[in-house]
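Before any comments, here is the structure.
So that the names make sense, note that chain A is the first sequence line, chain B the second, and so on, each numbered from 1.
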2 protein chains.
Amino acid sequence: MSKESLLPLLMAHVMAHGLGQASLRPLAKAAGTSDRMLIYHFGSKEALIGDLLGHIAGVYAAMLDAALAAGARPATRGELLAGLLAQNGDPAMQPFQMLWWEIVGGAARDLPGFRGAAQGMVGKLLGWLEAQMPEGDPDPAGGARFLLTAIEGAAMLAAVGHGETAQQGLLAGGLLPS
Amino acid sequence: MSKESLLPLLMAHVMAHGLGQASLRPLAKAAGTSDRMLIYHFGSKEALIGDLLGHIAGVYAAMLDAALAAGARPATRGELLAGLLAQNGDPAMQPFQMLWWEIVGGAARDLPGFRGAAQGMVGKLLGWLEAQMPEGDPDPAGGARFLLTAIEGAAMLAAVGHGETAQQGLLAGGLLPS
DNA sequence: GCGACTCTGTAGCGAGTGCTACATCGGCTT
DNA sequence: AAGCCGATGTAGCACTCGCTACAGAGTCGC
């Protein structure tokens, strides 16, 4: 049982139960080890969380890479945005979303490791968005930043039960094809 | 020492130290009582957090009401958005922002009381935005929802250190006066 | 004065926290 | 075979957690 083989199991547990409530003994049980061994491998809980956040960011980056290699570029900004909203709303993404907001909270409070992980994930998403911008878009860099802001706003509103409000806003702003 | 007189002190402590880390004894010390008394007044920690979230939402609503009564309506959507971004970036607002992301995280995980509080606060902000929309705006309701989405997206990006990215996006989207 | 009631301080419970001391086991080199 | 070193189990430490039992203090109506 190496560090690397533990991280996916730890990530699964954290996705299901939350990052804030994660304590060593439940984490260890989920990974099939003991708290003793987690400390042995990672040195401290803080270091474990740091490594775990890095691992999560890596998984997220790999997911985006796979999506980029697989998907066809959408023809308009509206199509791109609609696709992203649909993916964010997918129930399968919900555990990831819950984890994401916890990471944002940690970043806002500048807990060690959180800001870096969050920044990396957003940066990766921004790069992916730039690559996905429609061919011939007049300002792919700015447009990607614009869409990123809109998507994250919509995701936050959806998280607090105002998903429809975001939908209406993006429609009214002309970002979504009606 | 009644429930109502305790809530502002509890809120201050939570703003400074976070909601997730709040435990009864430090909370009680901050409010000048004992954990014993907190349980006596609120019944349980869960109920305390619920009441506290309600109180926070109320304070937020009162802040918006005061701002609405005091301020002059901006002339354009861009001005309105710029003013909001400036206010969100104000260091004095940072404790509130940190608390907000924790509330969003709780709402995403559907912890008791969090979703309701978050929903109420966003609803209040939306109403305030509608009232603040420039006179003669062709679609105040839709425009307010659009601005709300943009603002929240920008706030999230700022929380993870991508504030400049959001700024560039809103500029590229034509939402901010250049 | 006296009982009833609300409020509050002290002490403590059982569970869980991160982490450590110590012993052990197995495979490695020499 | 001897010794060494990384990996792991057991037990436990000092502490915090939410919460409670009990006793007292103050105040009210009677």
Name the closest nucleotide to the B:Ile39 side chain, picking from D:dG9, D:dT20, C:dG18.
D:dT20
How far apart are the C-alpha atoms of A:Asp65 and A:Lys124, what are their side-chain angles, what is the distance that settles it, and do they pass the salt bridge (charged side-chain N to carboxylate O under 4.0 Å, His left out) test?
CA-CA 9 Å; A:Asp65 281 340; A:Lys124 186 82 191 177; 3.3 Å; yes
Base C:dG16 paired with A:Arg25 side chain (donor-acceptor, <3.5 Å):
no
Taking only the side-chain nitrogens and oxygens of B:His41, find out if one of them lies under 4.0 Å from OP1 or OP2 of C:dT8.
yes
Classify A:Thr33 by what it touches in the nucleic acid, base, sugar-phosphate, or nothing, heavy-atom distance under 4.0 Å.
nothing
Sidechain-backbone polar pair: A:Thr33 side chain, A:Lys29 backbone, donor-acceptor under 3.5 Å:
no
Per atom distances to the B:Met37 side chain, the nearest of C:dG9, C:dT17, C:dA21 is C:dG9
Shorter than 3.5 Å, N or O on both sides, protein versus nucleotides 25-27 of chain D: list them out with atom names.
none

Under 4.5 Å between side-chain heavy atoms, hopping through other hydrophobics if needed: is there a path connecting B:Ile39 to B:Leu52?
yes
Measure CD/A:Gln21 against C1'/C:dG16 and give the value in whole Å, please.
13 Å
Interatomic distance where CG belongs to A:Leu27 and C1' belongs to C:dG16 [whole Å]
14 Å
Would you give the length of the straight line joining atom CZ of B:Arg25 to atom OG of B:Ser34, rounded to the nearest 0.5 angstrom?
10.0 Å
Out of C:dG18, D:dG18, C:dC22, which nucleotide sits closest to the side chain of A:Leu24?
C:dG18
Quick one: sort the B:Phe146 and A:Phe146 rings into parallel, tilted or perpendicular, breaks at 30° and 60°.
perpendicular
Please state whether the base of D:dC17 and the side chain of B:Asp35 form at least one donor-acceptor pair under 3.5 Å?
no
Spacing between A:Leu38 atom CG and C:dG18 atom P, to the nearest angstrom:
10 Å
